[in-house]
A.B. asks: 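The structure under discussion is supplied below as structure tokens; questions concerning it will follow.
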Amino acid sequence: MRAIPISKLKCKAWPPFSLSRSCSHMASVAEPPPSTLVDEFTKFCYQRDLPRAMTAMEAMQRRGLWADSLVYSELVKCCLARRAVQQGKLVHKHVFSNGYRPKTFLTNIFINMYVKFGLLEEAQSLFDEMPERNVVSWTTMISAYSNAKLNHKALESLVLMLREDAMPNSFTYSSVLRACDGLWYLKQLHCSIIKVGLESDVFVRSALIDVYSKLGELHNALGIFNEMVTGDLVVWNSIIGAFAQNSDGDEALNLFKRMKGAGFAAEEATLTSVLRACTVLALLELGRQVHVHAVKYGQDLILNNALLDMYCKCGSLEDANSVFTRMVEKDVISWSTMIAGLAQNGFSQEALRLFEQMKVSGTKPNYITILGVLFACSHAGLLEDGWYYFQNMKQLFGIDPGREHYGCVIDLLGRAGKVDEAARLIQEMECEPDAVTWRTLLGACRVHRNVDLAAYAAKKILKMDPDDAGTYILLSNIYANSQRWEDVAEVRKSMRARGVTKEPGCSWIEVDKQIHAFIMGDDSHPQIDEINRQLSLLVDRLMGMGYVPDTNFVLQDLEGEQREVSLLSHSEKLAIVFGIMSLSKGRTVRIRKNLRICGDCHIFAKLVAKMEERVIVIRDPIRYHHFQDGVCSCGDYW
DNA sequence: CTAGGGTTAG
């Protein structure tokens, strides 16, 4: 056998081996000569032909041959692309056999491979045992920790890396930033980033924007965004997402406009955030326009889920349904969104039917799915089913009931009139009841006029959240409903004493791509006079049908007729009248408001819906009200 | 060889 020069073999000089020795005893084996073996292996790697490359590699292994690091890295890429975990491990074993320790470069590739396969422990042990770690080694591990939400380990690694004199780069910072779960850490990191001059890196910038926004620091996020000189689509997506996720739909949409003006084309992540902004603002028509653009990315799961949610939250279940049925791929979120959406909009039976379908489909329900199911039961008054799911959720679905689940069951019991049982359930809760829990009970007390329990619940809420205007108002209304005027006065007094002010009621309605806002005590709407005139005409006709304004919901110190006049200024009434005036006959009037709907407006909407033969949808911060033919989908419980 | 943006409840 002829000795072949190593340089021609594309073999690294490591591990040191002698070709003549490794080949001599294999002369009888019917395998091609080493040069062909390595060449073939190389070829298969570059062709991404994993099965053949693996066979070639095994043949090489029998001859003690190794290839170039770059070739191995190609092979690993191939394993990663095919998620071939076992093959990846074989390659690792091959390269690391005979006690050879590859260079940092190649080791990093294997660390990265294990990380991508989700085998963090294997990655960790390789990392721990490697003799020399560079920035890439550290960054790979930090990124893995951040992804695994091992925030503490990610931050700790940054410190350790600095101690080893490895200089973090923009890769490192953008990875470690995602592990910042406290403002204090973030500020520290931000300072270091400025110091090393990496603040203007687009990756670092988008990570900074994102983390500030996740910590609710929108002001800082916007500041970092505005300092940007050369744009990048992801940075735009980050800032739009920041506002959308923090419920500032207006600003998100503004930024979206600016982005288009700057010449960037929206893609999946952008549209997802824009849809969320529409969801927040209940802008169905704008959402529909976004849908048209989203069709281009037809099978993007996240985008479709966002579409689903937008249609549900805007109260158009027909649209949501058609998106849902057209979706090829559905995940837990798709099902949960649809179930909760149906339930919230009053289609409880459909929600429960969908849940059955979901179980058949093989998608495992999660914490949030069960919330939707319980909500549906509560809404439909299915006390037994709801209680059954609640009692058995751990056993059936492996999910421990959390605060929110208790909340649904309190609601369920409350709706069924079992207010005392609801109160007892709170005492038995495994997790600490919070203000929301008590508020749910307070809501039940309002409907069933259980004044004493209401006072107790309100006291609990105000202990945790002393400036919660909603609680004062709810309590005041409950007292007013029972004609307990002294208590009403007492509540108002303590409210004043604490300086708690009621946020002005505000209703929004979308007409002709314009958002019209009606704010309590604000008459700046250009058509306000006409609206008021139509409103009083409408009220006269309604009173002819037997409508009696329920002045119990008036909070100010007013007398007689003044009280009724004050009711007329409720923003949702103005929005309803404006909607009827502006939207052609037969079109649904959709309104979003910032406060819970009051009892008088609720009755008003029911009657108007009947008299004008209109569907009116009002979304308050908690519940959906579909008024049609004199009834409301909430079943008069909210 | 290492990095950034999007979806369900509250």
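Within every chain, numbering begins at 1; the chains are lettered A, B, ... in the order of the sequence lines, protein sequences first and strands thereafter.
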A.B. asks: Of the listed nucleotides (B/dC1, B/dT8, B/dA3), which one gets closest to any side-chain atom of A/F105?
C.D. replies: B/dC1
A.B. asks: Might you work through the side chain to side chain contact (heavy atoms under 4.5 Å, CB included) test for A/E129 and A/Q124, ending with a clear yes or no?
C.D. replies: CA-CA 9 Å; A/E129 284 158 25; A/Q124 176 87 63; over 6 Å; no
A.B. asks: So A/V235, base contact, sugar-phosphate only, or nothing? Heavy-atom distance under 4.0 Å.
C.D. replies: base
A.B. asks: Under 4.0 Å, counting only non-hydrogen atoms across every strand here, what does A/I368 touch: a base, just sugar-phosphate, or nothing?
C.D. replies: base
A.B. asks: Report the distance from atom CE of A/M464 to atom C1' of B/dG10, rounded to the nearest whole Å.
C.D. replies: 15 Å
A.B. asks: So what does A/R178 hit on the nucleic acid, given a heavy-atom distance under 4.0 Å: a base, only sugar-phosphate, or nothing?
C.D. replies: sugar-phosphate
A.B. asks: Of the options B/dT7, B/dG6, B/dG4, whose atoms approach the side-chain atoms of A/A207 most closely?
C.D. replies: B/dG4
A.B. asks: Of the listed nucleotides (B/dT8, B/dC1, B/dG6), which one gets closest to any side-chain atom of A/N366?
C.D. replies: B/dT8
A.B. asks: Contact class for A/E74 (heavy atom, under 4.0 Å): base, sugar-phosphate, or nothing?
C.D. replies: nothing
A.B. asks: Whole angstrom is fine here: how far is it from CG in A/D232 over to P in B/dA3?
C.D. replies: 16 Å
A.B. asks: From CD1 of A/I111 over to C1' of B/dC1, roughly how many Å is that when rounded to an integer?
C.D. replies: 10 Å
A.B. asks: Which label fits A/Y406 and A/F390: parallel for a plane angle under 30°, tilted from 30 to 60°, or perpendicular past 60°?
C.D. replies: perpendicular
A.B. asks: Do any side-chain nitrogens or oxygens of A/K214 fall under 4.0 Å of OP1 or OP2 in B/dG4?
C.D. replies: no
A.B. asks: Calculate the interatomic distance between A/K116 atom NZ and B/dC1 atom P; express it in whole Å.
C.D. replies: 10 Å
A.B. asks: Ignoring backbone atoms, establish whether A/Q344 has a side-chain N or O less than 4.0 Å from OP1 or OP2 of B/dT8.
C.D. replies: no
A.B. asks: Looking at the side chain of A/V436, which of B/dT8, B/dT7, B/dG10 is the nearest nucleotide?
C.D. replies: B/dG10
A.B. asks: Quickly work out the A/Q245 CD to B/dG10 C1' distance and round it to whole Å.
C.D. replies: 15 Å
A.B. asks: Is it the case that the side chains of A/T369 and A/N366 hold a donor-acceptor pair, with the cut-off being a distance below 3.5 Å and no angle test?
C.D. replies: yes
A.B. asks: With side chain to side chain donor-acceptor pair (under 3.5 Å) as the test, would you mind laying out the steps for A/Y367 and A/E404 before giving the verdict?
C.D. replies: CA-CA 9 Å; A/Y367 189 94; A/E404 291 97 335; 2.6 Å; yes
A.B. asks: Taking only N and O in the side chain of A/K313, is any of them less than 4.0 Å away from OP1 or OP2 of B/dA9?
C.D. replies: yes
A.B. asks: Got more than 12 heavy atoms from elsewhere within 6.0 Å of CD, A/E430?
C.D. replies: no
A.B. asks: B/dC1, B/dA3, B/dG6: which one has an atom nearest the side-chain heavy atoms of A/S143?
C.D. replies: B/dA3
A.B. asks: Across the strands shown, which category fits A/T337 at heavy-atom distances under 4.0 angstrom: base, sugar-phosphate, nothing?
C.D. replies: sugar-phosphate
A.B. asks: Should the pair A/K330 and A/F324 be classed as cation-pi, given the thresholds of under 6.0 Å to the six-membered ring centre and 45° from the axis?
C.D. replies: yes
A.B. asks: OP1 or OP2 of B/dG10 less than 4.0 angstrom from a side-chain nitrogen or oxygen of A/R403, does that happen here?
C.D. replies: no
A.B. asks: Under 3.5 Å, is there an N or O donor on one side and an acceptor on the other linking the side chain of A/S174 and the base of B/dG4?
C.D. replies: no
A.B. asks: Is a donor-acceptor contact shorter than 3.5 angstrom present between the side chain of A/S175 and the base of B/dA3?
C.D. replies: no
A.B. asks: Please work out if A/I339 contacts a base, only the sugar-phosphate, or nothing of the nucleic acid, heavy-atom cut-off 4.0 Å.
C.D. replies: nothing
A.B. asks: Any idea which of B/dT8, B/dG6, B/dT2 is nearest the A/T139 side chain?
C.D. replies: B/dT2
A.B. asks: Taking atom C1' of B/dG10 as reference, at what distance in whole Å does atom CZ of A/F375 sit?
C.D. replies: 13 Å
A.B. asks: Expressed in angstrom and rounded to an integer, what is the separation of A/M310 atom CE from B/dT8 atom P?
C.D. replies: 13 Å
A.B. asks: Is the NZ or CZ atom of A/R133 both under 6.0 Å from the centre of the six-membered ring of A/F127 and within 45° of that ring's axis?
C.D. replies: yes
A.B. asks: Determine whether a donor-acceptor pair (one donor, one acceptor, N or O, separation below 3.5 Å) exists between the side chain of A/D300 and the base of B/dG6.
C.D. replies: yes
A.B. asks: Please state how far atom CG in A/D400 lies from atom P in B/dA9, giving the value in whole angstrom units.
C.D. replies: 21 Å
A.B. asks: Of the options B/dG4, B/dA9, B/dT2, whose atoms approach the side-chain atoms of A/N112 most closely?
C.D. replies: B/dT2
A.B. asks: Ignoring backbone atoms, test whether A/R276 places a side-chain nitrogen or oxygen under 4.0 Å from the OP1 or OP2 oxygen of B/dT8.
C.D. replies: yes
A.B. asks: With sugar-phosphate meaning primed atoms plus P, OP1 and OP2, does A/V202 contact a base, only sugar-phosphate, or nothing at under 4.0 Å between heavy atoms?
C.D. replies: base
